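Note that this is a predicted model, so its numbers are computed, not measured.
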Amino acid sequence: MRILALQGMRHHAEMMQRYARNLQNIEKAGLTKDMVGLIVSERGYTANITSFKTAIRMQDAVLDLLA
């Protein structure tokens, strides 16, 4: 689960960079599409951080049970 969260964070970070690059040239950017893409990728990144933290807490709980 942690690996999937890390992969998701990387994917969304790349998406954020792509949309941010598109927005640098405002005359050529699809403003609505790029802004929505930027927001979606930011939310996806945040969700994957939460998943990663939860996976770590679950692993710690399992280790506590085994100890």
Side-chain angles (χ1 to χ4, degrees):
M1 185 163 169
R2 290 185 324 182
I3 292 173
L4 291 175
L6 289 173
Q7 289 173 343
M9 288 184 332
R10 185 176 330 137
H11 170 73
H12 288 291
E14 290 170 359
M15 283 177 56
M16 277 191 276
Q17 289 175 354
R18 184 176 64 231
Y19 288 119
R21 271 193 308 268
N22 289 348
L23 288 168
Q24 283 179 339
N25 188 351
I26 200 73
E27 293 172 0
K28 292 184 179 180
L31 192 57
T32 306
K33 178 185 172 199
D34 290 331
M35 286 301 296
V36 169
L38 196 60
I39 293 167
V40 167
S41 57
E42 184 263 336
R43 297 277 168 92
Y45 189 84
T46 304
N48 280 290
I49 289 173
T50 303
S51 295
F52 186 76
K53 288 179 180 178
T54 302
I56 289 172
R57 276 188 249 132
M58 287 173 53
Q59 183 180 13
D60 289 345
V62 169
L63 291 175
D64 288 343
L65 288 173
L66 294 175

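- A distance of 6.0 Å separates OH of Tyr19 from NZ of Lys33, quoted to the nearest 0.5 Å.
- Note: the hydrophobic cluster containing Leu6 does not contain Met58 (ILVMFWY, side chain heavy atoms under 4.5 Å, direct or indirect links).
- Distance check, rounded to the nearest 0.5 Å: CG of Leu38 to CD of Gln17 gives 11.0 Å.
- Both Ile49 and Ile56 are assigned to one and the same hydrophobic cluster, defined by single-linkage of ILVMFWY side chains at heavy-atom distances under 4.5 Å.
- In this structure, CE on Met16 lies 12.0 Å from CD1 on Ile39, to the nearest 0.5 angstrom.
- Interatomic distance, CZ of Arg10 versus CG of Asn48, reported as 11.0 Å (0.5 Å rounding).
- Atom CG of Leu63 sits in a crowded spot, with more than 12 heavy atoms from other residues, nucleotides or ligands closer than 6.0 Å.
- In terms of the side chain to side chain donor-acceptor pair (under 3.5 Å) criterion, residue partners of Gln59 (sequence neighbours excluded) are, by chain and number, Arg2.
- Note that the CD atom of Glu14 and the CZ atom of Arg18 stand 8.5 Å from one another [nearest 0.5 Å].
- Across all their heavy atoms, Ser41 and Met15 have their closest contact at CB-CB, 3.7 Å.
- Using a 4.5 Å heavy-atom cutoff, the side chains of Lys53 and Thr50 are not in contact.
- We find the NZ-CG distance between Lys28 and Asp34 to be 13.5 Å, quoted to the nearest 0.5 Å.
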